[in-house]
A.B. asks: 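Quick one: the structure is below, and I'll ask about it shortly.
Lettering follows sequence order; numbering is per chain, from 1.
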Amino acid sequence: MDFTLSDEQLMVAAAARTLLSDICGPDHWHRLMHDGRAFDPARWAALVENGLTAVLMPETAGGMGLAELDFALVAIEAGYAALPEPLTDSAGVAMPMLAQLAPGHALLADPAAIIALAPAINPWVAAADVASAIMVERDGRALLVRRDDATLTPVETIDPLRRLFRLEFARAEDLGPADWDLALDRAALFAAAQGLGLAQRSVDLAVAYARDRMQFGKPIGSYQAVKHHLASAQVGIEFARPVVIAAAADCPSRDIYARARISEAKLVALDAADSAARAAIQVHGAMGYSWEVDVHLFLKRALALTNAWGTPHFHRQRVAARVFTRPTGPDTTFARDPLENETPHA
Amino acid sequence: MRLAYTPEQIAFRAEVRAWMQAHVPATPLEHYDATRAGFEAHRAWEATLKSADWGMVTWPVEYGGRGLDLIQWLIFEEEYYRAGAPGRVNQNGIFLFGPTLMEFGSPEQKARFLPPMASGAEIWAQAWSEPQAGSDLAGIRATARRDGDDYVLNGHKIWSSRAVFADWAFGLFREPGSERHKGTSLIVFPLTAPGVTRNPIRKINGHVGFAEILLEDVRVPAFNRIGDDGQGWHICMATAGFERGLMLRSPARYQVAAGALAALWQARKSGADISGSSEIYPLDPALEADVIRAHINADAYALSIYQTASRLIAGAKIGPEASTNKIFWSEMDIHLHRTALAILGPEAELIVPPGAHDWLDDYIFSLAGPIYAGSNEIQRNIIAERMLGLPR
Ligand SMILES: Cc1cc2nc3c(=O)[nH]c(=O)nc-3n(C[C@H](O)[C@H](O)[C@H](O)COP(=O)(O)OP(=O)(O)OC[C@H]3O[C@@H](n4cnc5c(N)ncnc54)[C@H](O)[C@@H]3O)c2cc1C
């Protein structure tokens, strides 16, 4: 039993944070919003160049062959940076899925390729406009729709750095039966990881503001009501993080316990993100209600991710399945289902 | 990162489980706060535990422990709660003062106090709070006057849990004339010493769970001072760290309660009559979300403590994030028990027959969580100022 991250993992996370703070900060958000875009090709190129799209890709496809936990650490940083580009869906879910389904596929040769995802659980397709292809779930199979064969109708979302589309298509490449359960698990996990980052950014923005903003002759951060809002938000983060980390580490087990833990992670991390964003808006006063201050980006992304890849109700049902059909109690924290456990836990 | 037990840890769990199965009393003991008999029955249980060296497994062997690490401690706790073993009457000793002694005590003090603590031969109370000094503990007035090789203690302590029946107390005192954080010392004294008067205080559940302690010229040897003269405040803050950070509330307690809540929910949902009353009350289906939430909270707390234990084993120290723990477990406990009472509906207010799951008493107990061990308001101040860096 060891619940610590390795030095390599900490380095991956630190490198992702440094890179994203350089290429995805307030100036970058503002420029994109000003231009009415939600994608920056130069930033995507930088993510690719720095290996962030390769983390989960098998080595045979030119990737690093790392695990969900490693990618989750990157996803936390993507949340912290409110990253607009579809890093988690494409590099965390779709590309590895393609590599598994069609190891020699032409798209895999292009490390900068983006694949958007149309799972049955999501009504709309995110970032389909910037994708080379869209992976569609149909009766348990994966259909790959090339961008040129897709008709995309924009659906407006309140998140100014996110794009959604209704998808229609006439032609698709049938990749055969696919592991959409794994896609859902990974996508939900990485949404949870982003939730952690979103939450921490909201708190950090509010703390910085509360130290500077003076009212009644004192920084507002010296008032307890303000302190307590932010302390409560931080408590939410502190107790979401170990759930996300454990869910990521458990993900390969793929049994009912691992699925429930991923759902727990999604519930608690996006709850933390929502609470933190609302606390941050309150602490900023009217500033927090203005487009000028960036907190709204984190509120909106949290709203989007809360309901993407399974609503809270859906994920609660998955936890309920574990709670009501498997033993509970203190000896079951790290329990595994022997029947469904395909690969022995290393 | 390796979220699986080693074969040794699995074997250790089996060992604890077997022992608990053979030794945990079949009928629950009377509560240690309820009567002297209940208290003594719990002391006897501590001796039983000690007879197999289960008193405090993380302590070094020479002090009555087994020298195990924090992961093994967690496994022990899990099996302990799973078996429904009696509450630890000496918790203020073994979980708070013990670790404090381990860090700040002299070898002679450790040898004197730890073994009888591990065996329950000496049961400890914490004597910090005073009528005028609660959250603002630096406002204590009780004094320790040095007189040759002795200290002479005077003052008025209050809210001291289990002090009515306990044997010893560890108290915070100040040098006469000193102010605030300066001049304080941590000094232990027998609750039976001449000059000590203990007045029981009834808690809202009716038990005499705490006491006020009046000290009038209580003479103790200077040996009884833990750490240096004037170091009392510093030591108390370290003790508070143990209290909030790790040991006081082990996750197993909430995992057992969350499991019982899930069972209660399922029994009620299937229409089972669990309380002996003939009425079946309509159930609000929305409560299932809270039952699941209780499970998630308990799971999150357990994972967080495993993470902390792993970090400490790797050499880290407990910091201000301990304050987040205290807020989390106390609020989760209240949420869990409010959910149980909501499921019970009109039966929630009924006094439960002995032996049945007492959701009501546990609920009442949960309401103290945000108050003791440093109120949650104070913890939020600490988080804001020391974790987030907001101005005082
Ligand atoms: C069940 C139980 C067991 C206990 N056991 C022990 C024991 O064994 N030994 C012992 O020494 N003590 C014990 N205590 C006492 C406990 O430590 C104190 O109750 C606690 O420190 C709070 O002090 P107080 O009760 O005087 O409340 P006060 O300090 O008077 O606080 C009252 C209210 O005001 C709030 N408040 C106070 N100051 C601030 C501030 N600066 N900012 C914001 N809010 C503030 C508090 O949060 C609280 O809500 C126990 C208490 C309980 C309930």
A.B. asks: Could you tell me whether the side chains of A:K227 and B:N381 share a donor-acceptor contact shorter than 3.5 Å?
C.D. replies: no
A.B. asks: Side chain from CB out, backbone as N, CA, C, O: work out which of these in B:Q307 comes under 4.5 Å of a heavy atom of chain A, or both, or neither.
C.D. replies: both
A.B. asks: Any side-chain donor paired with an acceptor under 3.5 Å for B:Y5 and B:R13?
C.D. replies: yes
A.B. asks: Pick whichever of B:N297, B:D299, B:N376, B:I383 has the most heavy-atom pairs under 4.5 Å with chain A.
C.D. replies: B:D299
A.B. asks: Using a strict threshold of under 4.0 Å (side-chain N to carboxylate O), is an ion pair present between A:D2 and B:R2?
C.D. replies: no
A.B. asks: Side chains of A:E264 and A:H315: do they bring a donor and an acceptor to under 3.5 Å?
C.D. replies: no
A.B. asks: Side chain, backbone, both or neither: which part of B:A258 has a heavy atom under 4.5 Å from chain A?
C.D. replies: neither
A.B. asks: On the six-membered ring of B:Y254, is B:R249 placed so that its NZ or CZ lies under 6.0 angstrom from the centre and within 45° of the ring axis?
C.D. replies: no
A.B. asks: Of all of B:I313, B:V256, B:I292, which one pairs up most often with chain A through heavy atoms under 4.5 Å apart?
C.D. replies: B:I292
A.B. asks: Would you mind telling me which of B:P391, B:A384, B:A260 has the largest number of heavy-atom pairs within less than 4.5 Å of chain A?
C.D. replies: B:P391
A.B. asks: Who among B:R293, B:E321, B:E77 has the most heavy-atom pairs with chain A under 4.5 Å?
C.D. replies: B:R293
A.B. asks: So what's closer than 4.5 Å to chain B heavy atoms on A:D212: side chain, backbone, both or neither?
C.D. replies: neither
A.B. asks: Counting only heavy atoms closer than 4.5 Å, note whether B:I327 contacts chain A via side chain, backbone, both or neither.
C.D. replies: side chain
A.B. asks: Using non-hydrogen atoms only, which part of A:T4 is less than 4.5 Å away from chain B: side chain, backbone, both, or neither?
C.D. replies: both
A.B. asks: For B:R253, is it the side chain, the backbone, both, or neither that has a heavy atom closer than 4.5 Å to a heavy atom of chain A?
C.D. replies: neither
A.B. asks: Among side-chain atoms of B:Q255 and A:T328, is any donor-acceptor pair under 3.5 angstrom?
C.D. replies: no
A.B. asks: Are B:R66 and B:F76 in a cation-pi setup, meaning NZ or CZ lies under 6.0 angstrom from the ring centre and within 45 degrees of the ring axis?
C.D. replies: no
A.B. asks: If you tally heavy-atom pairs under 4.5 Å against chain A, which of B:A263, B:A289, B:S250 wins?
C.D. replies: B:A289
A.B. asks: Measure centre to centre between the rings of B:Y306 and A:F3, then say whether the value is under 6.0 Å.
C.D. replies: no
A.B. asks: Under 3.5 Å, is there a donor on one side chain and an acceptor on the other for B:T324 and A:Q234?
C.D. replies: no
A.B. asks: What part of A:S263 lies closer than 4.5 angstrom to a heavy atom of chain B: side chain, backbone, both or neither?
C.D. replies: neither
A.B. asks: Below 4.5 Å from any heavy atom of chain A, which atoms of B:E288 appear? Answer side chain, backbone, both or neither.
C.D. replies: side chain
A.B. asks: Given heavy-atom pairs under 4.5 angstrom as the criterion, report whether the side chain, backbone, both or neither of B:E79 touches chain A.
C.D. replies: side chain
